[in-house]
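First up is the structure itself, then whatever we jot down about it.
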Amino acid sequence: MCRSDWHAWAGHDDSVHVPQVPGHECAGVVAAVGPGVERWREGDRVTAPFVHGCGTCAWCRAGQAQVCPHQTQPGFTDPGTHAQFVTVRAADTNLVGLPDTVSFAAAASLGCRFDLPPTGHLRSGPTSPPVSGWSSWGLAASA
């Protein structure tokens, strides 16, 4: 459960209409694959970011689904991840594979962290800080 879920529950987000299944952070195993999905199979271990891009716009095709103008968000615009099953649209764009060494709990906790555009730059060198920027990326990288 994330603070964003609380804000939705408390009515602070006009896009959330009750009743709504909460939750936007998830990780699990693919139970079924819809038509047109090419990269994923039943049984694959996956997670997904909080923002689901449409998969077809210029932003999504450029790898920037987090700023897709047609984005959806589980628990906000769509039923959330506290349901038994979750539909991830444009799965080839929005799913992220998980190695066996990453637990579902750890992966789900990153849901809000990898949907934000990196506003800083990761650099290394004797005169450069290892991480710069104030986005969730920079904060997660420095942890």
Side-chain angles (χ1 to χ4, degrees), residues 1-124 128-143:
M1 182 69 77
C2 177
R3 180 92 172 159
S4 298
D5 296 311
W6 178 84
H7 281 292
W9 172 82
H12 299 157
D13 188 326
D14 293 338
S15 71
V16 179
H17 304 285
V18 293
Q20 176 66 285
V21 176
H24 61 274
E25 298 169 319
C26 66
V29 176
V30 174
V33 177
V37 176
E38 297 179 5
R39 295 181 52 212
W40 307 102
R41 302 288 175 258
E42 288 184 24
D44 286 347
R45 292 170 40 89
V46 295
T47 188
F50 170 39
V51 173
H52 295 181
C54 70
T56 59
C57 72
W59 290 104
C60 288
R61 289 191 317 272
Q64 301 294 321
Q66 76 279 358
V67 291
C68 172
H70 313 290
Q71 64 182 252
T72 59
Q73 300 147 355
F76 291 79
T77 60
D78 292 339
T81 59
H82 291 199
Q84 183 176 0
F85 295 99
V86 177
T87 299
V88 177
R89 75 174 186 152
D92 287 339
T93 297
N94 295 306
L95 288 180
V96 177
L98 289 179
D100 291 338
T101 56
V102 177
S103 72
F104 291 137
S109 70
L110 296 173
C112 284
R113 305 314 170 276
F114 63 88
D115 68 329
L116 296 175
T119 56
H121 303 281
L122 297 178
R123 300 185 318 178
S124 62
S128 301
V131 177
S132 64
W134 292 101
S135 73
S136 294
W137 280 66
L139 296 174
S142 64

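Computed from heavy atoms alone, side chains included, the values below leave out hydrogens, waters and symmetry copies.
Contact between V51 and A65 at its shortest, heavy atoms only, is CG1-O, 3.8 Å. Across all non-hydrogen atoms, the minimal contact from Q20 to H17 is CB-O, 3.4 Å.
Residues satisfying the salt bridge (charged side-chain N to carboxylate O under 4.0 Å, His left out) criterion with D100, sequence neighbours excluded, are R45.
Between the side chain of T93 and the main chain of G53, no donor-acceptor pair closer than 3.5 Å is present. No donor-acceptor pair under 3.5 Å is formed between the side chain of N94 and the backbone N or O of V88.
In this structure, F104 CZ and T47 OG1 are separated by 9.5 Å, a value rounded to the nearest 0.5 Å. Summarising the geometry, atom CD belonging to E25 is positioned 8.0 Å from atom NE2 belonging to H82; distances are rounded to the nearest 0.5 Å.
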Donor-acceptor pairs under 3.5 angstrom involving side-chain atoms of residues 73-80: please list them, not counting sequence neighbours.
from: Q73; atom 1: NE2; to: Q71; atom 2: OE1; distance (Å): 2.6
from: T77; atom 1: OG1; to: Q73; atom 2: N; distance (Å): 2.7
from: T77; atom 1: OG1; to: Q73; atom 2: O; distance (Å): 3.4
from: D78; atom 1: OD2; to: T72; atom 2: OG1; distance (Å): 3.3

Throw together a table of side-chain donor-acceptor distances under 3.5 angstrom for residues 27-43, partners on residues two or more places apart or in other chains.
from: R39; atom 1: NH1; to: D92; atom 2: O; distance (Å): 2.7
from: W40; atom 1: NE1; to: A91; atom 2: O; distance (Å): 3.2
from: R41; atom 1: NH1; to: E38; atom 2: O; distance (Å): 3.4
from: R41; atom 1: NH2; to: E38; atom 2: O; distance (Å): 3.3

Derivation of the side chain to side chain contact (heavy atoms under 4.5 Å, CB included) call for C68 and H52 = CA-CA 8 Å; C68 172; H52 295 181; over 6 Å; no
